[in-house]
Colleague: 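To start, I am sharing the structure in question, which I have written as structure tokens.
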Amino acid sequence: MKDSWRRLAERLGGRLAFQAPLRELTSFRVGGPARMLARPEDVGELQELLASARRERLPFIMLGGGSNLLFDDAGFDGLVIKLGAGFAGLEGAGSLVRAGAAAASADLLAWTVARDLGGLEGLAGLPGTVGGAVAGNAGAGPEGLGRAVTRLFVLEGDGRARSIPAADLNFAYRRLEGLPERAVILEAEFALTSRPAVEIRARLAEIRERRGGQPLGGRSAGCVFKNPPSISAGRLIDECGFKGQRVGGARVSEVHANFILAENGATASDILALIDRVRQGVLARRGLALELELKVLGPGGEVRA
Ligand SMILES: Cc1cc2nc3c(=O)[nH]c(=O)nc-3n(C[C@H](O)[C@H](O)[C@H](O)COP(=O)(O)OP(=O)(O)OC[C@H]3O[C@@H](n4cnc5c(N)ncnc54)[C@H](O)[C@@H]3O)c2cc1C
């Protein structure tokens with residue numbers, strides 16, 4: 001271990017770990033260890049971590065709730081950064097709300113509903129954090145929570161803080177474009193609408209009921225594939241006969257064919273092999289190339305498309 005990391009580890013104590021298991025930090029609960037796992041509690045610590053990673057040319061990745069991520073069985077040969085509770089603040093002035101990236105999406109939703117503020121109902125029942133939800137423009141339908149974002153506060157890869165107005169960003173289908181490369185989302189600002197709580201709660205109930213069609217009990221990472229323009233990916237996979245198919249401990253859900261469940265003994269390789277099988281089958285039978293919604297990371301940080 002280099003001296004700079006040793007010194008940082010002494011300062012951060014247990015909040016910088018080496019060869020740290022990642023499986024407990026993701027909803028699939030598979031995958032190998034991270035070379036390093038850090039849990040900074042403030043911007044200063046985060047800046048130091050980013051500076052060390054930059055100096056050593058070490059790849060880094062942000063981890064929120066790990067509910068949309070698949071790490072390789074070999075793990076991640078770099079630095080995984082999971083923002084600590086110091087980044088989970090929620091505050092508001094009128095209908096403008098600021099949420100820290102480490103805040104749970106569920107906490108943000110509950111906080112806004114308690115103040116009769118509508119606009120984030122798509123977060124109903126969604127696991128994970130605000131940072132992960134913003135980075136993937138998560139939501140209940142094709143439109144994500146990005147449409148309520150007015151501004152993001154980020155740290156760029158070189159450690160500089162910056163505020164980016166929504167006009168400079170593009171929230172596309174399960175994708176955020178316009179963030180500088182390697183930027184870390186610290187906070188998001190949302191413009192919400194004052195609405196009677198009963199209306200908000202009715203909408204939440206509707207969305208939760210729709211989620212009843214998802215296998216919410218098992219170990220999954222939500223939808224594996226994005227919906228092609230003309231048809232839902234789940235329906236397509238079902239029509240191609242993949243429901244219930246398995247590779248090792250990975251199985252295509254019988255409840256919702258766009259969910260892969262990791263069962264006892266499942267590995268990341270099982271899940272990847274099943275993903276490949278479904279993709280190839282759908283391409284061969286229907287001529288449609290499915291795109292991943294799930295973020296699949298290789299051991300060097302490469303993202304699988
Ligand atoms: C049962 C189940 C149901 C789901 N249903 C839905 C659904 O209906 N709609 C939907 O959109 N998603 C759904 N998901 C997927 C997932 O919950 C969401 O995408 C969620 O918002 C991801 O948040 P996270 O904190 O877990 O992100 P992670 O999985 O930890 O990370 C996702 C991505 O965001 C990046 N990221 C995280 N934090 C930051 C940060 N601070 N700065 C920069 N980048 C960051 C990561 O590097 C990664 O690329 C579901 C998942 C499960 C398990």
Side-chain angles (χ1 to χ4, degrees), residues 22 25-29 31 34 39-40 43 46 50 59-71 76 78-84 86-88 99-109 120-146 152-157 164 169 171-176 179-188 207-208 210-227 232-234 253 255-256 258-262 292-297 301-304:
L22 289 169
L25 300 178
T26 67
S27 52
F28 264 139
R29 302 209 182 290
R39 297 169 185 263
V43 170
L46 178 59
L50 293 178
F60 80 87
I61 175 183
M62 297 306 297
L63 173 67
S67 63
N68 197 30
L69 268 176
L70 177 64
F71 286 110
F76 175 63
L79 170 67
V80 173
I81 301 178
K82 186 166 170 64
L83 300 177
F87 293 88
S105 296
D107 290 348
L108 170 61
L109 178 63
L120 295 179
E121 290 85 343
L123 293 179
L126 207 81
T129 63
V130 170
V134 169
N137 192 19
E143 273 194 45
L145 88 168
L152 294 183
F153 300 90
V154 306
L155 266 197
E156 295 203 39
I164 308 179
L169 300 165
F171 285 94
Y173 173 42
R174 298 294 176 266
R175 201 170 72 239
L176 165 57
L179 262 196
E181 215 187 321
R182 294 162 68 83
V184 175
I185 300 166
L186 300 176
E187 275 188 298
I207 292 173
R208 289 206 176 99
R210 250 193 285 147
R211 276 191 201 286
Q214 297 181 348
L216 299 179
R219 282 155 50 196
S220 80
C223 289
V224 172
F225 301 103
K226 293 184 182 179
N227 291 322
S232 91
S253 164
V255 178
H256 189 313
N258 199 10
F259 276 57
I260 288 181
L261 300 172
L292 282 176
E293 178 169 327
L294 176 70
K295 308 277 175 314
V296 179
L297 278 187
E302 59 282 7
V303 181
R304 239 176 94 136

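Everything numeric in this text was worked out from a predicted model, so none of it was measured. Every number for a ligand or one of its atoms is a count from 1 in the order of the listing.
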Colleague: How close does the nearest protein non-hydrogen atom get to atom 9 (N) of ligand 1, and which residue and atom is it?
Modeller: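 Answer for atom 9 (N) of ligand 1: Gly139 O, 2.7 Å.
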Colleague: Report, in ascending order of atom number, the atoms of ligand 1 lying under 4.0 Å from any heavy atom of Arg174.
Modeller: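 Near Arg174, the atoms of ligand 1 are 9 (N), 10 (C), 11 (O).
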Colleague: Would Ser220 count as a polar contact of ligand 1, with the cut-off being nitrogen or oxygen pairs under 3.5 Å?
Modeller: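 Such a contact does not occur with ligand 1.
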Colleague: Residue-level breakdown please: for Lys295 versus ligand 1, do any non-hydrogen atoms fall below 4.0 Å on the side chain, on the backbone, on both, or on neither?
Modeller: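 Just the side chain.
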Colleague: Taking only heavy atoms of Leu126 into account, list the atoms of ligand 1 that are under 4.0 Å away from them.
Modeller: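 What qualifies from ligand 1 is 5 (N), 6 (C), 7 (C), 8 (O), 9 (N), 10 (C), 12 (N), 13 (C), 21 (O).
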Colleague: Measure the distance from atom 26 (O) of ligand 1 to every protein heavy atom, then report the residue, atom name and distance (to 0.1 Å) of the closest one.
Modeller: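 Going atom by atom, the protein heavy atom closest to atom 26 (O) of ligand 1 ends up being Ser67 OG, 2.6 Å.
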Colleague: Which bit of Ala101 is near ligand 1, meaning a heavy atom under 4.0 Å away: side chain, backbone, both or neither?
Modeller: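 For Ala101, only side-chain atoms sit under 4.0 Å from ligand 1.
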Colleague: Taking C-beta and beyond as the side chain, do Val184 and Ile81 meet within less than 4.5 Å on heavy atoms?
Modeller: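 No. Closest side-chain heavy atoms not under 4.5 Å.
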Colleague: List the closest protein heavy-atom neighbour of atom 47 (O) of ligand 1: residue, atom name, distance to the nearest 0.1 Å.
Modeller: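 The closest one turns out to be Met62 O, 2.6 Å.
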Colleague: Minimum heavy-atom separation for Ile207 to Glu121, with atom names?
Modeller: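 Shortest heavy-atom separation between Ile207 and Glu121 comes out as CD1-O, 3.4 Å.
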Colleague: Considering only non-hydrogen protein atoms, determine which one is nearest to atom 28 (P) of ligand 1 and report residue, atom name and distance to 0.1 Å.
Modeller: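 The answer is Gly66 N, 3.6 Å.
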Colleague: Can you find a pair of side-chain heavy atoms, one from Ser67 and one from Phe28, that are under 4.5 Å apart?
Modeller: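 Answer no - side chains too far apart.
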Colleague: Check each of Val154, Leu155, Asn68 against atom 32 (C) of ligand 1 and report the one with the nearest heavy atom.
Modeller: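 Looking at heavy atoms only, the winner is Asn68.
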Colleague: Quick check for you: to the nearest 0.5 Å, what is the distance between Asp107 atom CG and Leu123 atom CG?
Modeller: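 The CG atom of Leu123 is 11.0 Å from CG of Asp107, to the nearest 0.5 Å.
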Colleague: Starting from atom 21 (O) of ligand 1, what is the nearest protein heavy atom, named by residue and atom, and what distance separates them?
Modeller: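 Going by distance alone, atom 21 (O) of ligand 1 is nearest to Ala133 CA, 3.3 Å.
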Colleague: May I ask you to check if ligand 1 and Ile185 share an N or O to N or O distance below 3.5 Å?
Modeller: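 Yes; the residue has a nitrogen or oxygen that sits under 3.5 Å from a nitrogen or oxygen of the ligand.
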Colleague: Is any side-chain heavy atom of Phe171 closer than 4.5 Å to one of Val134?
Modeller: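 With C-beta onward as the side chain, the pair touches.
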Colleague: With sequence neighbours excluded, what pairs up with Ala138 under the side-chain contact (heavy atoms from CB on, under 4.5 Å) test?
Modeller: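 Result, side-chain contact (heavy atoms from CB on, under 4.5 Å) vs Ala138: Leu126, Ala133.
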Colleague: Tell me whether Asn137 contacts the main-chain N or O of Leu145 through its side chain, where contact means a donor paired with an acceptor under 3.5 Å.
Modeller: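 Indeed, once roles are kept as given, a pair shorter than 3.5 Å links the two residues.
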Colleague: Any idea which protein heavy atom is nearest atom 34 (O) of ligand 1, and the distance to it?
Modeller: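 Going atom by atom, the protein heavy atom closest to atom 34 (O) of ligand 1 ends up being Ala135 CB, 3.5 Å.
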Colleague: What I want to know is whether Leu83 and ligand 1 share at least one N or O pair that is separated by under 3.5 angstrom.
Modeller: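 So ligand 1 has no N or O lying under 3.5 Å from an N or O of Leu83.
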Colleague: Apply side-chain contact (heavy atoms from CB on, under 4.5 Å) to Lys226 and list each qualifying residue two or more places apart in sequence or on a separate chain.
Modeller: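 Once residues adjacent in sequence are excluded, the partners of Lys226 under the side-chain contact (heavy atoms from CB on, under 4.5 Å) criterion are Tyr173, Arg174, Arg175, Glu291, Glu293.
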Colleague: Is the contact between Ile61 and ligand 1 made by the side chain, the backbone, both, or neither, using heavy atoms and a 4.0 Å cut-off?
Modeller: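 Side chain only.
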Colleague: If you measure from each non-hydrogen atom of Ala221 to ligand 1, which part falls under 4.0 Å: side chain, backbone, both or neither?
Modeller: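 Within the 4.0 Å criterion, Ala221 contacts ligand 1 through backbone atoms alone.
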Colleague: Is any side-chain heavy atom of Phe60 closer than 4.5 Å to a side-chain heavy atom of Val80?
Modeller: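 Contact flag for Phe60/Val80 side chains = no.
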Colleague: Can you confirm whether Leu46 sits close enough to Leu186 that some side-chain heavy atom of one is under 4.5 Å from a side-chain heavy atom of the other?
Modeller: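 Yes; the side chains approach each other to less than 4.5 Å.
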Colleague: What is the closest protein heavy atom to atom 4 (C) of ligand 1, and at what distance does it sit?
Modeller: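 Ranked first by proximity to atom 4 (C) of ligand 1 is Gly222 CA, 3.8 Å.
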Colleague: Any heavy-atom pair between the side chains of Thr26 and Phe71 that's under 4.5 Å?
Modeller: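 SC-SC contact between Phe71 and Thr26 confirmed.
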Colleague: For atom 38 (N) of ligand 1, which of the options Pro127, Cys223, Gly132 provides the nearest non-hydrogen atom?
Modeller: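 The residue whose heavy atom sits nearest atom 38 (N) of ligand 1 is Gly132.
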Colleague: Considering only heavy atoms of Gly128, which atoms of ligand 1 have at least one such atom less than 4.0 Å away?
Modeller: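 Heavy-atom distances to Gly128 below 4.0 Å select 23 (O), 24 (P), 25 (O), 26 (O).
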Colleague: I want to check something: taking the side chain as every heavy atom from C-beta on, are Leu155 and Val43 in contact at a cut-off of under 4.5 Å?
Modeller: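 A side-chain contact under 4.5 Å exists here.
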Colleague: Any side-chain heavy atom of Leu83 within less than 4.5 Å of one from Pro40?
Modeller: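 They are in contact (side-chain heavy atoms under 4.5 Å apart), so the answer is yes.
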Colleague: In the protein, what heavy atom is nearest to atom 5 (N) of ligand 1, and what distance, to one decimal place, separates them?
Modeller: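 Going by distance alone, atom 5 (N) of ligand 1 is nearest to Arg211 NH1, 3.4 Å.
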Colleague: For ligand 1, which is the ligand I care about here, please tell me if Gly65 has any N or O atom under 3.5 Å from one of the ligand's N or O atoms.
Modeller: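 Yes; the residue has a nitrogen or oxygen that sits under 3.5 Å from a nitrogen or oxygen of the ligand.
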Colleague: So, is Pro215 polar-close to ligand 1, with some N/O to N/O distance under 3.5 Å?
Modeller: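 No - when backbone and side-chain N and O of Pro215 are compared with those of ligand 1, no distance drops under 3.5 Å.
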